[in-house]
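Here is the structure we will look at, set down as structure tokens.
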Amino acid sequence: MSGAPIGLFDSGVGGLSIWRQVVHALSSEQLLYVADQAHVPYGHRSAAEIQAHSQAIADYLVAEGCKAIVVACNTASAVALEPLRQRFPQLPILGLEPAVKPAVQLTRSGVVGVMATPATFQGQLYRATVGRYATAVQVVEQVCVGLAELVEQGELEGPDCDARLMGYLEPMLAAGADTIVLGCTHYPFVIESIRRLVGPSMAVVDPAPAVARHLADVLAREGLLAPAERGPLEPASRYRFATTSSPSAFNRALSRLVGVSSSSQALIWQQRPDQSPVLHPA
Ligand code: DGL
């Protein structure tokens, strides 16, 4: 079991911001990443839809023998993490929640901005996190409609991207935020532009390195780390990717966003009225 791959998924390419940190942290692990690009963005979908999509992908990852799953998507974690844990109680399933706790520790102005999708802000997980850690600070919630789509399209810089980002950043700046949380895994791919626009005095929190460290701790605790004698793996035997949309578009995004050239597999989404959705390899 410890030699099995780790499964990761997101609505699209955003979870690659988590994937690249897992690659650094765990060099002997095999990774299987699924991008549900047939349904990106998740952010404005209903909880039932997001749960159904997440369940289908988790079923696929389990069928592929994954020893652990990382829900590399704040939005899917917000509504699907608990149902997935109930479905696979024997499997470590890690999710993401906006990094409000570290932001509260960092802020000096007492104002923290959080950038995320509508579904993340509506989720119980986010509410509980704010209730637990952020009672003594002001939290400015910034829904970033369209930002995940921009990253999917590869529009990571330039005047149009900056103008869009400024539209999201201005309300947080106006409220006096000195710390901003990237509460969606797509957003670290525009972190350099965000940093340039807000200036060096603003702390911008990307939770991805902490998620990779937490994954390593969980695998160690469960006795699931890849066998030490395996050593670091070559990319070809290490990474697998699948998308529910166009493999060629995903392959281009892979090389643009994380500098990896690999060929992804196509997964076809099939939904029958009497059953939960299922994914089939094309
Ligand atoms: N990457 C996803 C997240 O972390 C969401 C983007 C979307 O599909 O709306 O929230």
Side-chain angles (χ1 to χ4, degrees), residues 7-22 33-58 69-82 84 93-100 103 113-127 129-130 141-156 161 164-165 168 180-191 194 204-212 214-215 241-245 249-250 253-254 256-258 269:
L8 302 95
F9 76 89
D10 178 45
S11 58
V13 296
L16 292 171
S17 65
I18 305 294
W19 178 92
R20 66 182 169 186
Q21 296 297 333
V22 174
Y33 182 95
V34 176
D36 190 10
Q37 293 178 301
H39 303 108
V40 67
Y42 277 2
H44 64 266
R45 294 185 186 276
S46 70
E49 266 182 291
I50 299 167
Q51 282 165 2
H53 298 332
S54 301
Q55 182 183 307
I57 294 169
I69 292 178
V70 180
V71 183
C73 174
N74 292 76
T75 308
S77 299
V79 294
L81 189 57
E82 280 318 310
L84 291 181
I93 303 183
L94 277 65
L96 270 102
E97 62 186 35
V100 171
V114 181
M115 301 168 71
T117 68
T120 295
F121 284 129
Q122 283 152 21
Q124 182 56 31
L125 194 59
Y126 173 74
R127 289 279 140 235
T129 306
V130 169
E141 294 171 2
Q142 182 61 48
V143 171
C144 300
V145 176
L147 184 50
E149 291 92 313
L150 226 56
V151 173
E152 286 292 316
Q153 290 150 17
E155 289 173 35
L156 306 180
C161 179
R164 188 77 85 86
L165 288 175
Y168 306 128
I180 290 179
V181 175
L182 303 184
C184 166
T185 54
H186 280 75
Y187 305 166
F189 290 114
V190 285
I191 196 168
I194 291 175
V204 184
V205 184
D206 170 9
V211 173
H214 181 51
L215 174 64
F241 300 94
T243 174
T244 55
S245 186
F250 183 78
L254 255 185
R256 184 174 61 232
L257 296 174
V258 292
W269 185 263

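Heavy atoms only: backbone and side chains are in, while hydrogens, waters and symmetry mates are out. Whatever order the structure lists them in is the order used to number ligands and atoms, beginning at 1.
Environment of NE2 in His44: crowded, with over 12 heavy atoms of neighbouring residues, nucleotides or ligands closer than 6.0 Å.
One finds the NE2 atom of His39 at 8.5 Å from the CD1 atom of Ile57 (value rounded to the nearest 0.5 Å). In this structure, CH2 on Trp269 lies 7.5 Å from OG1 on Thr244, to the nearest 0.5 angstrom. For the atom pair OG (Ser77) and OH (Tyr126), the distance works out to 15.0 Å, reported to the nearest 0.5 Å. Here the CE atom belonging to Met115 is positioned 6.5 Å from the CG atom belonging to Leu165, to the nearest 0.5 angstrom.
A 4.5 Å side-chain heavy-atom check between Thr185 and Asn74 finds at least one atom pair inside the cut-off. In this structure the side chain of Tyr187 never reaches within 4.5 angstrom of the side chain of Tyr168, judged on heavy atoms.
The backbone and the side chain of Thr185 each have at least one atom closer than 4.0 Å to an atom of ligand 1 (non-hydrogen atoms only). Heavy atoms from both the backbone and the side chain of Pro41 come within less than 4.0 Å of ligand 1.
Considering backbone and side-chain N/O of Thr117, none are found under 3.5 Å from N/O of ligand 1. Looking at ligand 1, you won't find any N or O of Ala72 less than 3.5 Å from one of its N or O atoms. For ligand 1, the polar-atom distance check against Ser11 finds a nitrogen or oxygen pair separated by under 3.5 Å.
Given atom 2 (C) of ligand 1, the protein heavy atom at minimum distance is Cys73 SG, 3.3 Å. Scanning the protein for heavy atoms near atom 10 (O) of ligand 1, the closest one is Thr75 OG1, 2.6 Å. Counting protein heavy atoms only, atom 9 (O) of ligand 1 is closest to Gly43 N, 2.8 Å. The closest protein non-hydrogen atom to atom 7 (C) of ligand 1 is Tyr42 N, 3.3 Å.
Counting the atoms of ligand 1 from 1 in the order shown, those under 4.0 Å from a heavy atom of Ala148 are 6 (C). Taking every non-hydrogen atom of Cys184 and a distance limit under 4.0 Å, the qualifying atoms of ligand 1 come out as 1 (N), 2 (C), 3 (C), 4 (O), 5 (C), 6 (C), 10 (O). Listed by number with element, the atoms of ligand 1 under 4.0 angstrom from any heavy atom of Asp10 are 1 (N), 2 (C).
Ion pairing between Arg256 and Glu155 fails under the 4.0 Å rule for side-chain N and carboxylate O.
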